[in-house]
Amino acid sequence: MINKKVAGVSEALQGVKNDMTFMFGGFGLSGIPENSIAHLVKLGVKGLTCISNNAGVDDFGLGLLLQEKQIKKMISSYVGENDEFERQMLSGELNVELIPQGTLAERCRAAQAGFPAIYTPAGFGTEVAEGKETREFDGKMYVLEHAFKADFAFVKAWKGDEAGNLIFKGTARNFNPNMCGAAKITVAEVEELLPVGELDPNQIHVPGIFVKRIFHGQHFEKRIEQRTVRQR
Amino acid sequence: MINKKVAGVSEALQGVKNDMTFMFGGFGLSGIPENSIAHLVKLGVKGLTCISNNAGVDDFGLGLLLQEKQIKKMISSYVGENDEFERQMLSGELNVELIPQGTLAERCRAAQAGFPAIYTPAGFGTEVAEGKETREFDGKMYVLEHAFKADFAFVKAWKGDEAGNLIFKGTARNFNPNMCGAAKITVAEVEELLPVGELDPNQIHVPGIFVKRIFHGQHFEKRIEQRTVRQR
Amino acid sequence: MLDKNGIAKRIAKEVQDGFYVNLGIGIPTLVANYVRDDIEVEFQSENGVLGMGPFPFEGEEDADIINAGKQTITTLPGASFFDSSTSFSMIRGQHVDLTILGAMEVSEGGDIANWKIPGKMVKGMGGAMDLVASAENIIVAMMHTNKRGASKLLKKCSLPLTGVSCVKKIVTNLAVLEVTDNGFKLLERAPGVSVDDIKSATEGTLIIEGDVPEMAL
Amino acid sequence: MLDKNGIAKRIAKEVQDGFYVNLGIGIPTLVANYVRDDIEVEFQSENGVLGMGPFPFEGEEDADIINAGKQTITTLPGASFFDSSTSFSMIRGQHVDLTILGAMEVSEGGDIANWKIPGKMVKGMGGAMDLVASAENIIVAMMHTNKRGASKLLKKCSLPLTGVSCVKKIVTNLAVLEVTDNGFKLLERAPGVSVDDIKSATEGTLIIEGDVPEMAL
């Protein structure tokens with residue numbers, strides 16, 4: 001068994017530098033790599049390009065990196081709910097590339113799976129397709145979208161083992177599996193880090209081969225963005 | 001919950017006709033839809049195009065359909081270990097298209113996921129790429145391969161529920177998940193068919209939306225092709 | 001004239017037994033409340049869940065179980081969780097039978113604009129572009145006119161498009177309309193709304209054939 | 001001169017700590033037997049398993065747990081099962097560090113032919129074309145000459161190709177060779193084999209620089 005376990009977030013993030021491109025798992029504030037984000041704030045790396053479906057809120061998630069002006073460019077599908085983001089974007093400090101959510105997922109998966117590009121119908125006929133190659137297959141139009149190239153992918157899983165195998169919980173899965181192995185180095189933080197042999201090989205969501213470093217996250221706030229309930 | 005359960009193989013296979021294109025899950029004899037194959041023999045449909053990684057052995061798996069000369073064309077990656085196959089192929093009775101195994105998997109997945117075609121490096125510079133479009137990305141050459149179009153996909157899972165959710169065991173998983181939803185109608189046969197609520201929603205390999213009909217297979221021989229053991 | 005719940009109620013009648021349905025944020029979300037009890041429907045949310053149930057009881061919220069609107073939800077028996085790539089395979093591969101979403105503008109050719117107002121803050125398209133580019137069956141739920149009283153059913157959209165030639169049906173506070181090759185065909189009037197009311201609120205080509213029935217809710 | 005196990009033994013020395021390795025059928029399969037005990041290696045099989053272990057004890061065979069050669073296998077702690085698409089994502093995405101496979105012919109440009117002999121029964125390429133088109137690090141394990149004594153290390157392959165310019169290293173019963181821009185560079189001789197023996201068994205351009213050491217096993 002190839003051991004991917006590192007002592008903690010500090011060792012896990014070795015090698016991060018200014019001006020790198022990072023992927024972050026998560027949808028809204030669910031399933032985000034909280035510990036890695038917090039440590040990136042501490043490290044103070046700047047000029048970052050961040051690929052993430054969302055950009056957090058003002059005081060949580062990627063919003064923390066935005067507050068410190070560490071992000072140069074965001075590649076996301078939806079960036080609402082973040083005042084500081086809006087301010088930086090409107091002032092031109094922050095470069096924002098908005099792309100369809102399915103395209104974002106598949107450009108990650110393409111990088112993971114060794115595909116250079118994909119043809120997707122999403123965005124055809126819209127400004128998202130401007131300047132991009134389009135093509136007809138069977139009477140339907142598609143846009144050519146390229147695999148992402150990233151230096152680090154930061155993902156968050158529920159359980160993991162020392163071999164790097166990951167299991168997610170609920171919708172906290174989202175983009176995390178698609179980003180594993182999609183960057184040069186994939187760092188997984190987990191709520192529970194188990195010795196090998198504890199996870200059922202039939203029930204692994206992401207095989208360890210896609211993960212370079214795994215650590216037990218010290219703190220998971222798991223903040224809820226929209227608490228909706230019904231009466232009993 | 002949308003109920004996908006049908007009474008048995010006979011109901012599950014309603015609509016199969018001569019000259020259709022079928023996908024079959026399985027690798028070697030592992031994870032093949034034994035009950036569906038047996039019933040296709042019984043129905044006697046002919047002129048079939050079969051997409052399957054392998055072609056079974058003389059007296060099991062797709063070999064049974066070959067014996068009855070029901071197959072017009074095989075699309076596979078490896079077809080060894082089958083004398084009747086060899087005879088029909090050399091005599092020209094059987095049309096055979098051999099394609100790389102990863103290409104086979106991804107052409108299924110493309111059909112499932114709504115991608116018209118993919119670019120893969122596999123087969124570039126070989127006869128597999130003859131007549132196909134090739135293209136360079138980042139200095140590497142790729143071949144354009146199209147999504148399959150099939151009428152039925154026959155898959156075999158270990159456990160399933162009435163909503164069509166599937167769980168596979170071991171390497172009997174193989175092509176089965178990639179074929180679910182890749183044909184107009186996906187028929188899943190399972191060793192154990194459970195009421196909804198019995199499977200953990202975190203641990204579903206194939207969500208029921210990709211499966212049209214599910215039935216409890218009456219007979220699984222699960223033949224071993226190469227029995228290899230070590231001494232105690 | 002319908003309110004938002006009325007629009008949702010009317011759209012719910014379009015949901016058929018055995019449908020997998022993706023509901024957008026806003027009025028579409030309300031549709032789930034009005035689907036008939038005697039049919040089986042499963043709701044998909046593009047962040048990775050099939051088989052969504054109602055909101056959780058207070059105290060039972062789980063940060064790891066949300067919908068695409070980031071709201072805490074529950075799941076029903078038979079549900080499944082999956083990654084984003086698989087989720088959009090369901091959408092792009094046309095396994096989702098019906099997509100209901102809001103819009104800022106719809107053109108008589110079926111184009112839709114619902115993600116961006118130039119000069120204003122842009123929140124992003126989320127999954128909307130994938131949904132409209134892929135779905136066979138798209139119903140738009142929206143008010144017939146905007147806050148300034150201008151028609152949202154246009155000859156041509158003025159805002160940046162989300163998708164082209166994709167909308168099949170529109171349910172507004174005033175009417176049910178079908179997108180045809182020749183324009184918006186008026187199918188039903190909302191209770192108390194006249195054909196003339198609809199005419200004056202529709203900038204795009206409106207096709208009126210015979211008597212237009214009032215909708216049954 | 002090496003036998004098949006000798007070739008496997010020499011190749012095993014190429015396997016480094018932390019490598020994910022895909023072994024082809026035939027001689028490559030034997031490599032697993034000779035990998036050092038003090039390094040961590042995981043074996044991947046393209047039918048959908050990572051972390052393969054030895055063959056099962058008699059009576060413990062499971063039809064649902066096989067390798068790409070359709071042999072019954074076991075798994076080690078930390079193993080995982082996955083579908084074919086994911087399996088080839090590992091291969092195509094270059095997550096597998098080393099691929100070892102057999103060949104019928106290799107050209108001095110690194111082309112490989114190992115799937116088809118025209119006029120004879122063709123069994124198919126299986127996963128070989130994906131492996132050779134994707135892997136960064138490919139070692140070919142084969143006999144230096146075929147059954148008729150003809151060289152399998154050629155200027156140009158005569159058989160239909162499996163992949164182009166992909167082979168990096170070749171280990172035969174006679175030698176270890178590296179594929180360079182100028183031809184096969186002789187790195188090591190098998191025990192008891194002379195440079196002249198290798199010269200006469202190699203049809204392609206052979207590069208000999210200085211003394212060629214005998215391989216240590």
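Note that the coordinates shown come from a computational prediction; the quantities given were computed from them, not determined experimentally. Chain A is the first sequence line, chain B the second, and so forth, proteins listed ahead of strands; every chain is numbered from 1.
Residue with the most contacts toward chain A among C/S80, C/P54, C/A79, C/G48: C/P54 (heavy-atom pairs, distance under 4.5 Å). Highest contact tally toward chain A, considering only C/A68, C/S45, C/G126, C/A113, is held by C/G126 [criterion: heavy-atom pairs under 4.5 Å]. Heavy-atom pairs under 4.5 Å with chain C peak, among A/G31, A/S77, A/P121, A/S30, at A/S77. Taking chain A as the reference chain and counting heavy-atom pairs below 4.5 Å, the highest number among C/T75, C/D83, C/I65 is found for C/D83. If you tally non-hydrogen atom pairs under 4.5 Å between each of A/N178, A/V128, A/I224, A/N54 and chain C, the highest count goes to A/N178. Highest contact tally toward chain A, considering only C/V132, C/V49, C/N47, C/V164, is held by C/N47 [criterion: heavy-atom pairs under 4.5 Å].
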Full working for side chain to side chain contact (heavy atoms under 4.5 Å, CB included) between A/E225 and C/Q71: CA-CA 7 Å; A/E225 203 164 342; C/Q71 298 172 311; over 6 Å; no
Test log, rule side chain to side chain contact (heavy atoms under 4.5 Å, CB included), inputs A/L29 and C/K70: CA-CA 8 Å; A/L29 302 180; C/K70 285 107 179 176; over 6 Å; no
Step-by-step salt bridge (Lys or Arg N to Asp or Glu O under 4.0 Å) determination, A/K169 to C/D64: CA-CA 6 Å; A/K169 189 182 142 216; C/D64 293 330; 3.2 Å; yes
Test log, rule side chain to side chain contact (heavy atoms under 4.5 Å, CB included), inputs C/W115 and A/E127: CA-CA 11 Å; C/W115 76 285; A/E127 63 180 57; 3.6 Å; yes
Residue pair A/T126, C/M129: steps toward the side chain to side chain contact (heavy atoms under 4.5 Å, CB included) verdict: CA-CA 9 Å; A/T126 76; C/M129 282 195 183; 3.6 Å; yes
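Between C/A133 and A/K140, the shortest heavy-atom contact is O-NZ, 2.8 Å. Residues A/A105 and C/S84 approach most closely at CB-CB, 3.8 Å, considering heavy atoms. Across A/G125 and C/L161, no two heavy atoms sit closer than the pair O-CD1, 3.8 Å. Here the shortest heavy-atom pairing between C/I66 and A/F27 reads CD1-O, 3.8 Å. Here the closest non-hydrogen pair linking A/Q231 and C/F57 is O-CE2, 3.4 Å.
Annotation for C/M1: atom CE does not count as buried by contact number, only 12 or fewer foreign heavy atoms lying within 6.0 Å. The number of heavy atoms from other shown groups lying within 6.0 Å of NZ (A/K184) does not exceed 12. Within a 6.0 Å radius of CG in C/D17, other residues, nucleotides and ligands contribute more than 12 heavy atoms. The 12-atom threshold is exceeded at CG of C/D38, counting heavy atoms of other residues, nucleotides or ligands nearer than 6.0 Å. Around the NZ atom of C/K4, the shell of radius 6.0 Å holds no more than 12 heavy atoms that belong to other residues, nucleotides or ligands.
Both the backbone and the side chain of C/E46 come within contact range of chain A, with heavy atoms under 4.5 Å apart. Only the backbone of C/N67 comes within less than 4.5 Å of a heavy atom of chain A; no side-chain atom from C-beta onward does. C/T86 does not touch chain A: none of its heavy atoms, backbone or side chain, sits under 4.5 Å away. Of the atoms belonging to A/R232, heavy atoms from both backbone and side chain fall under 4.5 Å from chain C. Residue contact with chain A, scored on non-hydrogen atoms closer than 4.5 Å, involves the side chain of C/F88 exclusively. Neither the backbone nor the side chain of A/N176 comes within contact range of chain C; no heavy atom of the residue lies under 4.5 Å from a heavy atom of that chain.
Between C/M125 atom CE and A/S76 atom OG the span is 10.0 Å, to the nearest 0.5 Å. The structure places CZ of C/F81 at 11.5 Å from CG of A/N174, a figure rounded to the nearest 0.5 Å.
Of the listed residues (A/K222, A/R223, A/R227), just one forms a salt bridge (Lys or Arg N to Asp or Glu O under 4.0 Å) with C/E61, and that residue is A/R227.
Within residues 94-102 of chain A, the residues that have a heavy atom under 4.5 Å from a heavy atom of chain C are A/L98, A/I99, A/P100, A/Q101, A/G102, listed by number.
Between C/E58 and A/R230, none of the side-chain N atoms (NZ, or NE/NH1/NH2) sits under 4.0 Å from a carboxylate O, so this pair counts as no salt bridge.
Between the side chains of C/T72 and A/Q226, no donor-acceptor pair is found at a separation under 3.5 Å.
When atom types are taken as modelled, the side chain of A/R109 and the backbone of C/S85 share no donor-acceptor pair closer than 3.5 angstrom.
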